[in-house]
Amino acid sequence: LQMKRKSENGLDGRALSPGKKLCKGSEYSRTLGPCMPSPTTTFGDLRNAKAGQARRRCIPSVAPPPELQDWLRTFQRWSGPEKLLALDELIDRCEPSQIKYMMQVIEPQFQRDFISLLPKELALYVLSFLEPRDLLRAAQTCRYWRVLAEDNLLWREKCREEGIEEPLNLRKRRLLSPGFMYSPWKFAFMRQHKIDMNWRSGELKAPKVLKGHDDHVITCLQFCGNRIVSGSDDNTLKVWSAVTGECVQTLVGHTGGVWSSQMRDSIVISGSTDRTLKVWNADTGECVHTLYGHTSTVRCMHLHGNRVVSGSRDATLRLWDIETGQCLHVLMGHVAAVRCVQYDGHKVVSGAYDYTVKVWDPESESCTHTLQGHTNRVYSLQFDGTHIVSGSLDTSIRVWDVESGNCLHTLMGHQSLTSGMELRDNILVSGNADSTVKIWDIKTGQCLQTLQGPSKHQSAVTCLQFSSKFVVTSSDDGTVKLWDLKTGEFVRNLVALESGGSGGVVWRIRASNTKLVCAVGSRNGTEETKLLVLDFDVDLK
C-alpha cells in the first residue's frame, strides 16, 4: 500500500498552488530555505563523521539500477526547495517497509546522549527529577550514566525525601568497582527499601518469645534501641534485650501494680498504684529515686529531657526532676482523675475524667486554658506544641489551638472510646474500641481513611503506631495488622494468636524501623503472658 497524504491534484497539501512561484521572502521559501544550492555538508557526511559510527550498511544481493547515478546527479542539481518537493513525492510512493528502513537509517543520526553532553552539575540536576527506580534503570544505560547515578548527593536528596536518616558509614566511601565510587546514601536508600518490603511481604520468621510476668497483665511497654521494658500489674518491670531475648533486669520495689512508664537511654521511670514514681537505672536494676507526693494511683506520665510530668487519680499533676528526685511543681485544677498527659518542656497538657483538657504553665503552676466541649471522660491526648488533640469516651476527637484555646475541629466518625492516637505533622491516626482505625488531617478536619473492610479487627483496638508508609495496629481479637498509610488498604496480619477470639489479646505494641514488639496474654488463661519480637531487618553486605 502507498502512503496517501496527497490531494486530488497529486500534490501534497503543503505543495504550491498552480502558478505560484518559489521566491525569497515567500512563506514556503522561508520554511524550506532560500533558493540557493544546498550546503556542501550532506547527511552522508554526518553519518560518516559521527564518532564510532560504522559506514553505511550495504543492501545485500541487489545490483544498483543503471539509471541510479543519473537520477542522483539530477537530484543534486536541484535547489533545496526542489529537493524537498521531490522527497515528498518519493515518500508518497514508498511502501511502509521502505519508510521503516529510512527511519532506521535516519533516526540514530539525530539521537543525542544529552546527559553526557551537559556539564556534570546540570546532568545531576536533570537526574534529580527521576524516581529512585528510574535512577537505577538509568544507571544501566552506559558507563557515564552509572557514574552519575551513583552520585552520593543525589541519593542523599532521595533519602531526605523519604525521611531516611544519615547512614552511620557515611564517611566510609569505597570503590564499588574500578571507576565507580560506592554511595553510602544509595546503600541506605536500598536498605530501607528492602526493610519496607520485609514489612509488607517478607517471610514472617518465628518471633523471639520473651516469657515473664507469669499470668499477669502487661500494662505498659517501652522500646528504644535494643532495650525493651515491660511493666505489669505484678508490681514489677522487666528489662529485656531485643537482640537476644534475654531478661537482663527485673525492677523490683513497687508495692502495687505498675500502670505507666517512660524510658530514655538507660533511665526508666515508672508509676504505680502504690502512689509513687520510681526512677531506675536499667543497666544495673538499681532504683535511683522514689518520688513521693501523689495520694492515689499514678496513671500517666510524660518525660521530656530531665523532667517528667505525672498525672494521678488524685486529680493533680506533678513535675519532677529525675536527676535530683525533687518535685518542682504541683498543678491543681482538675476535679477528677487525670488520665493522660503531654509535656513539651514548656507547656503541660492534661486530659481527665472531668471531661476537660487543661493547658498549664508549670513554672507559675497556673492553668492557662480549660478546654471544654467533650461530654464524657478524656482518655487520650496528643500535643505537637501547636495543636492539642483529645480523644474521649463521647466518641469524638477534638483538635484545639494551644495558644487561643479554641476548638478548631471536632472529628466525628468513631462509635466508641478513642483509646489511642498518634500525631505526626498534620496526620493523626486514631484507634477506637469500635474496632476501627481512622486517619485524619488535623489541618482540614477531614477523615482521609478508615481502616476497615473484610480484614478489619474484630474487637477493640488496643494500640497503634505509624510510620511514613505503614500503620501497625493491635486488638483484643489477638491480632496485629499492617496497613498502608496512604491508601488505607490492609496489607497483612503480622501476628495472629491461636487463642484470638477465645481470650488471647495483644495489649501493647511498640515498633522501630526494623523490629516489632508485642505484649500478649489473656485474662482467662488461654494465652500465656509474654512478649513477641519480630525482626524485619536486612543483612546487606
Side-chain angles (χ1 to χ4, degrees), residues 162-163 196 199-200 221-223 300 302 339-340 342 349 351 357 374 378-400 408-453 455-477 479-495 506-513 515-519 536:
E162 293 292 322
D196 291 343
W199 279 91
R200 185 179 290 276
L221 182 64
Q222 303 297 328
F223 175 34
C300 55
H302 196 208
R339 182 62 177 78
C340 44
Q342 294 275 288
V349 182
V357 175
H374 284 299
V378 177
Y379 273 85
S380 52
L381 275 179
Q382 290 287 286
F383 175 46
D384 63 4
T386 303
H387 300 97
I388 299 166
V389 184
S390 56
S392 168
L393 188 57
D394 67 9
T395 76
S396 76
I397 299 170
R398 289 179 177 261
V399 182
W400 315 80
L408 304 177
H409 301 288
T410 301
L411 312 181
M412 303 299 295
H414 281 305
Q415 305 300 315
S416 188
L417 162 69
T418 297
S419 53
M421 300 186 296
E422 188 171 341
L423 176 66
R424 287 190 179 189
D425 300 321
N426 61 313
I427 300 299
L428 174 76
V429 181
S430 61
N432 197 271
D434 65 7
S435 78
T436 69
V437 177
K438 288 181 179 288
I439 302 172
W440 314 81
D441 184 333
I442 64 165
K443 294 284 180 66
T444 64
Q446 180 184 3
C447 178
L448 303 177
Q449 304 287 349
T450 299
L451 310 186
Q452 54 184 4
S455 300
K456 81 178 189 73
H457 285 297
Q458 300 302 307
S459 189
V461 176
T462 55
C463 200
L464 62 85
Q465 198 169 329
F466 77 97
S467 66
S468 60
K469 294 183 176 68
F470 303 120
V471 182
V472 186
T473 60
S474 64
S475 168
D476 279 342
D477 64 10
T479 67
V480 178
K481 295 179 182 289
L482 184 70
W483 311 79
D484 187 291
L485 176 69
K486 292 181 180 176
T487 66
E489 292 177 353
F490 172 74
V491 179
R492 62 170 172 168
N493 283 330
L494 298 175
V495 172
V506 183
W507 288 310
R508 294 284 182 270
I509 57 171
R510 286 288 183 270
S512 67
N513 184 37
K515 286 184 173 65
L516 171 66
V517 182
C518 312
F536 301 93

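Both backbone and side-chain heavy atoms feed into the values below; hydrogens, waters and symmetry mates do not.
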Minimum side-chain heavy-atom gap [X]-[Y] below 4.5 Å:
{"X": "I509", "Y": "V495", "answer": "no"}
{"X": "V491", "Y": "E489", "answer": "no"}
{"X": "R510", "Y": "C463", "answer": "yes"}
{"X": "M412", "Y": "T395", "answer": "yes"}
{"X": "I442", "Y": "H409", "answer": "no"}
{"X": "L494", "Y": "F536", "answer": "yes"}
{"X": "H387", "Y": "K443", "answer": "yes"}

Any chance you could measure [X], atom [atom1], to [Y], atom [atom2], to the nearest 0.5 Å?
{"X": "I397", "Y": "C447", "atom1": "CD1", "atom2": "SG", "answer": "9.0 Å"}
{"X": "H457", "Y": "T479", "atom1": "NE2", "atom2": "OG1", "answer": "4.5 Å"}
{"X": "K438", "Y": "Q452", "atom1": "NZ", "atom2": "CD", "answer": "6.0 Å"}
{"X": "E422", "Y": "I439", "atom1": "CD", "atom2": "CD1", "answer": "11.5 Å"}
{"X": "F466", "Y": "R424", "atom1": "CZ", "atom2": "CZ", "answer": "5.5 Å"}
{"X": "K469", "Y": "W199", "atom1": "NZ", "atom2": "CH2", "answer": "12.5 Å"}

Within the distance-only criterion (no hydrogens, no angle test), does the side chain of [X] pair as donor or acceptor with the backbone N or O of [Y] below 3.5 angstrom?
{"X": "D425", "Y": "I427", "answer": "no"}
{"X": "S380", "Y": "T418", "answer": "yes"}
{"X": "K515", "Y": "F223", "answer": "no"}
{"X": "R508", "Y": "A519", "answer": "no"}
{"X": "N432", "Y": "S416", "answer": "yes"}
{"X": "Q382", "Y": "L423", "answer": "yes"}

Do you know which two heavy atoms are closest between [X] and [Y], and how far apart they sit?
{"X": "T410", "Y": "S396", "answer": "CG2-CB, 4.1 Å"}
{"X": "S435", "Y": "K456", "answer": "OG-NZ, 2.6 Å"}
{"X": "H374", "Y": "S390", "answer": "NE2-OG, 2.7 Å"}
{"X": "C518", "Y": "V506", "answer": "CB-CG1, 4.2 Å"}
{"X": "H414", "Y": "S430", "answer": "NE2-OG, 2.8 Å"}
{"X": "S459", "Y": "D476", "answer": "OG-CB, 3.4 Å"}

Under the salt bridge (charged side-chain N to carboxylate O under 4.0 Å, His left out) test, residues paired with R492 that sit two or more places apart: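 Once residues adjacent in sequence are excluded, R492 has no partner under the salt bridge (charged side-chain N to carboxylate O under 4.0 Å, His left out) criterion.
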May I ask you to check if R200 and F470 form a cation-pi contact, with NZ or CZ under 6.0 angstrom from the six-membered ring centre and within 45° of the axis? no
Given the rule in the side chain to side chain donor-acceptor pair (under 3.5 Å) test, do T462 and S474 qualify, once you have shown the distances and angles that lead to the verdict? CA-CA 6 Å; T462 55; S474 64; 2.7 Å; yes
